[in-house]
Amino acid sequence: MSIYVGNLSYDATKSDVEEVFAEYGTIKSTHLPTDRETGRPRGFAFVEMSSDAEETAAIEALDGAEWMGRVLKVNKAKPRERR
DNA sequence: GTTGAGCGTT
């Protein structure tokens, strides 16, 4: 399972995201995608944690929380295979 | 500013 983090500040970096999510569990991996064509930051991220319970805890704790001047939107990510 | 890659045509 992975977490989707939307409405992310464009100043946020992978390390920033990991720092915050690490408070609620162990980070397995983090994605901070940029637009493949333009190289522009896309303003969202994906985080994978070591257990579903930790991810749920992080979602509940961080969804709607203000971070770096923006209110985060955090929820379970959709599978990327679909697109 | 809201759902990841890259390869490159099953």
Side-chain angles (χ1 to χ4, degrees):
Chain A
M1 189 53 63
S2 53
I3 308 171
Y4 165 78
V5 188
N7 200 35
L8 201 62
S9 168
Y10 284 83
D11 293 325
T13 184
K14 257 176 71 172
S15 308
D16 293 324
V17 174
E18 287 171 3
E19 262 182 61
V20 173
F21 278 78
E23 296 178 33
Y24 305 96
T26 303
I27 307 293
K28 268 179 57 182
S29 63
T30 308
H31 276 175
L32 192 61
T34 53
D35 190 290
R36 197 163 150 282
E37 310 286 312
T38 69
R40 182 186 188 190
R42 300 189 65 182
F44 64 93
F46 286 91
V47 178
E48 283 185 54
M49 310 209 31
S50 56
S51 80
D52 190 71
E54 289 173 345
E55 295 187 341
T56 302
I59 290 168
E60 289 182 355
L62 296 172
D63 186 34
E66 187 182 315
W67 187 60
M68 294 183 79
R70 309 199 67 87
V71 176
L72 298 180
K73 312 248 173 126
V74 187
N75 40 270
K76 287 173 62 231
K78 301 175 194 174
R80 77 187 148 108
E81 282 75 21
R82 189 178 179 279
R83 326 190 59 215

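None of the values given here were measured: they were computed from a predicted structure. First the proteins, then the strands, lettered A, B, ... as listed; each starts at 1.
What separates NZ of A/Lys78 from P of B/dG4 is a distance of 9 Å, to the nearest Å. A/Arg40 places its CZ atom 16 Å from the P atom of B/dG4, with the value rounded to the nearest Å. To the nearest angstrom, P of B/dT3 lies 19 Å from CD of A/Glu55. One atom, CG of A/Leu72, and another, P of B/dT3, lie 16 Å apart when rounded to the nearest Å. Computed from coordinates, the A/Arg42 CZ to B/dG4 C1' distance equals 8 Å when rounded to whole Å. For the pair A/Asp35 CG and B/dT2 P, the interatomic distance rounds to 12 Å; values are reported in whole Å. Following rounding to the nearest Å, A/Leu8 (CG) and B/dG4 (P) show an atom-to-atom distance of 15 Å. Here the P atom of nucleotide B/dA5 and the CZ atom of A/Phe46 are 9 Å apart, to the nearest Å.
What you find for A/Phe44 and A/Gly6 is that their closest heavy atoms are CB-CA, 3.9 Å. Shown here for A/Pro33 and A/Ala45, the closest heavy-atom pair between the two residues is CD-CA, 4.3 Å. Shortest non-hydrogen contact noted between A/Ile3 and A/Ala77 is C-CB, 4.0 Å.
Evaluation of the side-chain hydrogen bond (donor to acceptor under 3.5 Å, both in side chains) rule for A/Ser29 yields A/Glu48 as partners, not counting sequence neighbours. Considering only residues two or more places apart in sequence or on other chains, A/Thr34 meets the side chain to side chain contact (heavy atoms under 4.5 Å, CB included) condition with none of them. Every side-chain hydrogen bond (donor to acceptor under 3.5 Å, both in side chains) that A/Ser50 has, sequence neighbours left out, goes to A/Glu54.
If you find the closest nucleotide of DNA chain B to A/His31 and to A/Asn7, the one lying nearer the 5' end belongs to A/Asn7.
Clustering of Ile, Leu, Val, Met, Phe, Trp and Tyr by side-chain heavy atoms under 4.5 Å joins A/Tyr10 with none of the others.
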_Watson-Crick and G-U pairing of DNA chain B written in dot-bracket, each distance under 3.5 angstrom, with | for inter-strand partners_ = ..........
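When each of B/dA5, B/dT2, B/dT3 is scored by its nearest atom to the side-chain atoms of A/Arg80, the top-ranked nucleotide is B/dA5.
Under the 4.5 Å side-chain criterion, counting only non-hydrogen atoms from C-beta, A/Val17 is in contact with A/Leu8.
As judged by a 4.0 angstrom heavy-atom cut-off over every strand, A/Tyr4 is placed among the base-contacting residues.
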Table of protein N/O atoms under 3.5 Å from nucleotides 6-10 of chain B N/O atoms:
residue : atom : partner : partner atom : Å
B/dG8   : O6   : A/Arg36 : NH2          : 2.8

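Side-chain atoms of A/Asp35 never come within 3.5 Å of backbone atoms of A/Arg40 as a donor-acceptor pair (strictly under, hydrogens ignored).
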